[in-house]
Asks: 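Would you mind keeping the following structure in view while I ask a few things?
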Amino acid sequence: STSAPERIQTLREQIDTHNHRYYVLDEPSIPDAEYDRLFRELRALEDEHPELVTPDSPTQRVGAKPKGGFAEVTHELPMLSLDNAFSEEELRAFVKRIADRLSGVDGSTLEFACEPKLDGLAISLLYEDGILVRGATRGDGYTGEDITLNVRTIANIPLKLRGSGWPQRLEVRGEVYMPKAGFEELNERARARDEKTFVNPRNAAAGSLRQLDPKITAQRPLEFCSYSTGIVEGGELPDSHSETLRQLREWGLKINPEMRLVTGADGCLEYYRDMEQKRGGLAYDIDGLVFKVDSREVQQELGFVARAPRWAIAHKFPAQEEITR
Ligand SMILES: NC(=O)n1nc(-c2ccco2)nc1N
């Protein structure tokens, strides 16, 4: 028969793989009942052998409520916001400004990575030696709140990276959001209990993440989607943004399946028209799109203006008349 440490290791690997397939690849691999059985067996073995419990075990997602408020986190690299474009002209002007700054580059051949702009809460995840060590809100871009215990409860945020080859210190940035269906169900339950409801999924996500008690956060239908990196130490990332996102997916992080590579302002505007059509049918709220110069070298050449990167723009949809939910 296999020893407890061996059985625990096997169960963890199986559960991590099922989680990856279910939450990141959207390809569930076993029936829920079978998954629950594995999870219960692991929890029972860890109860019998508490000395074998490690923070990255799938059973260690929901911690105890910390005394006092959230600790503060200073972002080593500021999490800057994005400049906005509200029209085709402004989008074209953005691309032209970039081309003008890059000697001899024709904007129509410049590659852009396009992503939906998720309407949630921006957070930072810090992985050291592949282990999730900290989660923080964006805050004002320079200082945020330490919400590590809360982000650990979000099922599609890996507690440890998959595969290998990640930098010793890797900061992953992305959005925590609440899918529309989860938002409706949450408000339905709140109404049934005469509790307060949330105005929209963005507020619901913010409210759920900034709960002091992780047990409450754990009950909220939150998801994470990564869209950029911050600190990278002790290792290399691919040369382009789109390749970096694909690498993050290999390491177990969710990226948005609507991400596309296009060329020039025309390519961005075609993506804008496509996504304007798809928007209503998406499982989550978006308030625009984000276009980023794909080449990291060109991003570094363009740098940032005081407030936002020169190399990225958020192209917002016209504000929807307040739809009654
Ligand atoms: N909110 C959102 O979906 N974002 N935000 C960025 C971003 C902000 C700064 C660099 O990239 N990218 C995406 N998809």
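Side chains are part of it too, since the values below use all heavy atoms of this structure and drop only hydrogens, waters and symmetry mates. Order of appearance sets the numbers: ligands from 1, and atoms from 1 within every ligand.
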Asks: Please table the atom pairs, donor to acceptor, closer than 3.5 Å between any side-chain atom in residues 221-232 and protein atoms at least two apart or in another chain.
Replies:
{"unit_1": "E223", "atom_1": "OE1", "unit_2": "Y177", "atom_2": "OH", "d": "2.8"}
{"unit_1": "S226", "atom_1": "OG", "unit_2": "K254", "atom_2": "O", "d": "2.6"}
{"unit_1": "Y227", "atom_1": "OH", "unit_2": "E175", "atom_2": "OE1", "d": "3.4"}

Asks: For L118, counting its heavy atoms only, list the atoms of ligand 1 lying under 4.0 Å from any of them.
Replies: 1 (N), 2 (C), 3 (O)
Asks: I'd like to know if M79 contacts ligand 1, where contact means a heavy-atom distance under 4.0 Å to any ligand atom.
Replies: no
Asks: Do me a favour and list the nearest non-hydrogen protein atom to atom 1 (N) of ligand 1 with residue, atom name and distance?
Replies: E175 OE1, 3.3 Å
Asks: CG of D239: more than 12 outside heavy atoms within 6.0 angstrom?
Replies: no
Asks: Stepwise, does the side chain to side chain contact (heavy atoms under 4.5 Å, CB included) test hold for R202 with D285?
Replies: CA-CA 8 Å; R202 195 209 162 289; D285 277 353; over 6 Å; no
Asks: Side chain, backbone, both or neither: which part of V290 comes within less than 4.0 Å of ligand 1 when only heavy atoms are counted?
Replies: side chain
Asks: For atom 7 (C) of ligand 1, what's the nearest protein heavy-atom neighbour? Residue, atom name and distance, please.
Replies: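 Protein heavy atom at minimum distance: Y227 CE1, 3.6 Å.
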Asks: Can you tell which part of E115 has a heavy atom less than 4.0 Å from ligand 1: side chain, backbone, both or neither?
Replies: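 Just the side chain.
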Asks: Answer with side chain, backbone, both or neither: which part of P116 has a heavy atom less than 4.0 angstrom from an atom of ligand 1?
Replies: backbone
Asks: Using a plain distance cutoff, I'd like to know if K117 has any nitrogen or oxygen under 3.5 Å from a nitrogen or oxygen of ligand 1.
Replies: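 No, K117 has no N/O under 3.5 Å of an N/O on ligand 1.
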Asks: Provide, to 0.1 Å, the distance between atom 9 (C) of ligand 1 and the closest protein heavy atom, together with that atom's residue and name.
Replies: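 Result for atom 9 (C) of ligand 1: L82 CD2, 3.7 Å.
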Asks: Applying salt bridge (Lys or Arg N to Asp or Glu O under 4.0 Å) as the test, list every pair that has at least one member in residues 263-279; sequence neighbours left out.
Replies: R92-D266, E258-K278
Asks: Please determine, by modelled atom types, if Q9 and E13 share a side-chain donor-acceptor pair under 3.5 angstrom.
Replies: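 Short answer, yes.
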Asks: Of the side chain and backbone of I286, name the one, both, or neither that has a heavy atom under 4.0 Å from an atom of ligand 1.
Replies: neither
Asks: Closest non-hydrogen protein atom to atom 12 (N) of ligand 1, residue and atom name please, with distance?
Replies: K292 NZ, 3.0 Å
Asks: Please determine if R169 and E171 form a salt bridge, counting it only when a charged side-chain N lies under 4.0 Å from a carboxylate O.
Replies: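 So R169 does not pair with E171 through a salt bridge.
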Asks: Do the side chains of R40 and D36 get close enough for a salt bridge, i.e. N-O under 4.0 angstrom?
Replies: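 No salt bridge links R40 with D36.
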Asks: Looking at E184 and K180, does any basic side-chain N land under 4.0 Å from a carboxylate oxygen?
Replies: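 A salt bridge is absent here (no side-chain N lies under 4.0 Å from a carboxylate O).
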